[in-house]
Amino acid sequence: LGTLSTTSTSATSSTTPPVTPPDTLDLNNIQGDILSGLPKKTQLYIFFQIVDVTKFRADLARFVPLVKTVAGVLKDRQLIKEHKKKGHKTLIPLVGVNIAFSHLGFVKLGIDDSSLGPATDPFIIGQFKDSVQNLGDAGTQTASGLVPNWDPAFVQPLHGVILISGESHETLQKKKLEIECIFGVRTIQPSIFQVTSLRGDVRPGAESGHEHFGFLDGISNPAVIGFDKDPNPGPVSVNPGVIVTGYTGDPSQATRASWAVDGSFLVFRYLFQQVPEFNDFLRKNPIAFQDLTPEEGSDLLGARLVGRWKSGAPIDLSPFKNDPVLAVDPKRNNDFKFEGEINSQFRCPFAAHVRKTNPRNDLEALPPPVGPISVQKNRIMRRGVQFGPELTKEEKKTAKTECGRGLLFACYQTSITNGFQFLQKTWANNPKFPIGQTQPEEPGLDPLIGQGVRSMSGTDPNNEEKVISGMPDFIIPRGGEYFFSPSLKGLRETLA
Ligand code: HEM
């Protein structure tokens, strides 16, 4: 530990024997955010470069005991439950720390990460290049090629990210200082340089759990078979290997280096949301239907862009009216498959965000020769937290964004090609997806995250085909990177 040993740095796909998938998930070896999500009211992402490799390895060995595993998170969640049961109003000061590395980070450390993917893999290319090549992010032509219009911090090489989650800013700050001491930040011999840090906070009051457009978020993450005791109903259960490397479902578990087992790719995206503009768009385009007021017509349009009402109720089950009881019923609010809608977008537009990013039965029940297509390998475990202030009075008045706000989007998967990149490139940005439907109009882009010429179609409640074209950009990507979140064993035995 702490030294650059040749055995620990020479793990390659060619020298490492094939990995036998373990029977059960090793919850003490997997970082907590991957399967459980670190409990959070507030969260800090610290993006860093390694400036002194030898010292970093020694420092990392002292840092690893701070890393919270899935088992640790489960214990914390139990404590939170008991604390609430006792009627305490205050939150327990709990903190969770995780760490992940980019391809450039592994290169800097001298670790061969070629078993994580070929030279063309998004992880190896890095998100900076992938953003303009594959994700559709807007860019500017420069002497060195097309570069994304990103925040300058994300234009610099990033070697890794440290994630701190907690119940208060004080707890977060204390842990941040402890971590800065470990890596010698602000001493004459630091081992890392903090490129930037971003803080996200769960929104206040009744908006807690809702993203900035106002929709309840984090409802339909996949249930991991063998981990989640009470799997979601509906087609949202996945083999553990879709999320954690080395298990059934991992597309390349047999060829990944042993140090990569129990790890997962972390995709981070810095996504700005144009909230006043989004609200203004809904206000100006209410759906006229029966006796709906203009305000209710705007809510209906919003629900049809997302695929759920702001309450979280899915429109596939409650197409024209919010159903607050359904919204909070975990047994029912995920139990839908767009069944009976394979060739129809009467209840839910094909392009609606949740239908684009998880088409459920649209592909599973597609008849031959095109279907059936399983989306199991295209599932991701979404994390993320809101950043930025609530709307100001001025912004509400002018319908123009003055303050930056949005989502620190994060998700885990064992293949970025099948996971995040596929969802963004092949589904969200593709106006022809989902395939196989027979509507006269093509579905159009995902109205939230789709990048490109933004239009979408839908059959409105009056059963008329409508196309919304010239939709403004509601979400603007301003940075990000692809990371790999190694196991505790990997951190101790190979990285440190
Ligand atoms: C679901 C908002 C970015 C993939 C949702 C839901 C909301 C939402 C409100 C419904 C709640 C739920 O099912 O949990 C947003 C916002 C984003 C954003 C505001 C950006 C600021 C993304 C990105 C991706 C993505 C970048 C991936 C490329 C998904 C998936 C679901 C989902 C897979 C679950 C669909 C389902 O299983 O029904 N999102 N999202 N989202 N989103 Fe996003």
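Read the numbers this way: they start at 1 and go in the same order the structure lists the ligands and their atoms.
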*With only distance considered, is Glu211 within less than 3.5 Å of ligand 1 through an N or O on each side?*
no
*For residues Phe123 and Phe483, establish whether the separation of their ring centroids is below 6.0 Å.*
no
*asked:* Counting only heavy atoms closer than 4.0 Å, does ligand 1 sit against the backbone of Leu216, its side chain, both, or neither?
replied: backbone
*Arg379 touching ligand 1 at heavy-atom level, < 4.0 angstrom*: yes
*Check ligand 1 against Phe215 and write out every atom of the ligand that is under 4.0 Å from a heavy-atom position of the residue.*
9 (C)
_Ring centers of Phe128, Trp150 separated by less than 6.0 Å_ = yes
*Is it true that the NZ or CZ of Arg308 lies under 6.0 Å from the centre of Phe215's six-membered ring and within 45 degrees of the ring axis?*
no
_Show the atoms of ligand 1 that are less than 4.0 angstrom away from any heavy atom in Asn358._
35 (C), 36 (C), 37 (O)
*Is Arg269 touching ligand 1 with its side chain, its backbone, both, or neither, if touching means heavy atoms under 4.0 Å apart?*
neither
_Sub-4.0 Å atoms of ligand 1 with respect to non-hydrogen atoms of Arg360_ = 36 (C), 37 (O), 38 (O)
*Could you tell me which atoms of ligand 1, counted from 1 in the order shown, lie closer than 4.0 angstrom to a heavy atom of Gln273?*
19 (C), 21 (C)
_Per-residue contact class, Leu407 against ligand 1 - non-hydrogen pairs under 4.0 Å_ = side chain
*asked:* Taking 4.0 Å as the limit for heavy-atom contacts, which would you say applies to Ile219 with ligand 1: side chain only, backbone only, both, or neither?
replied: both
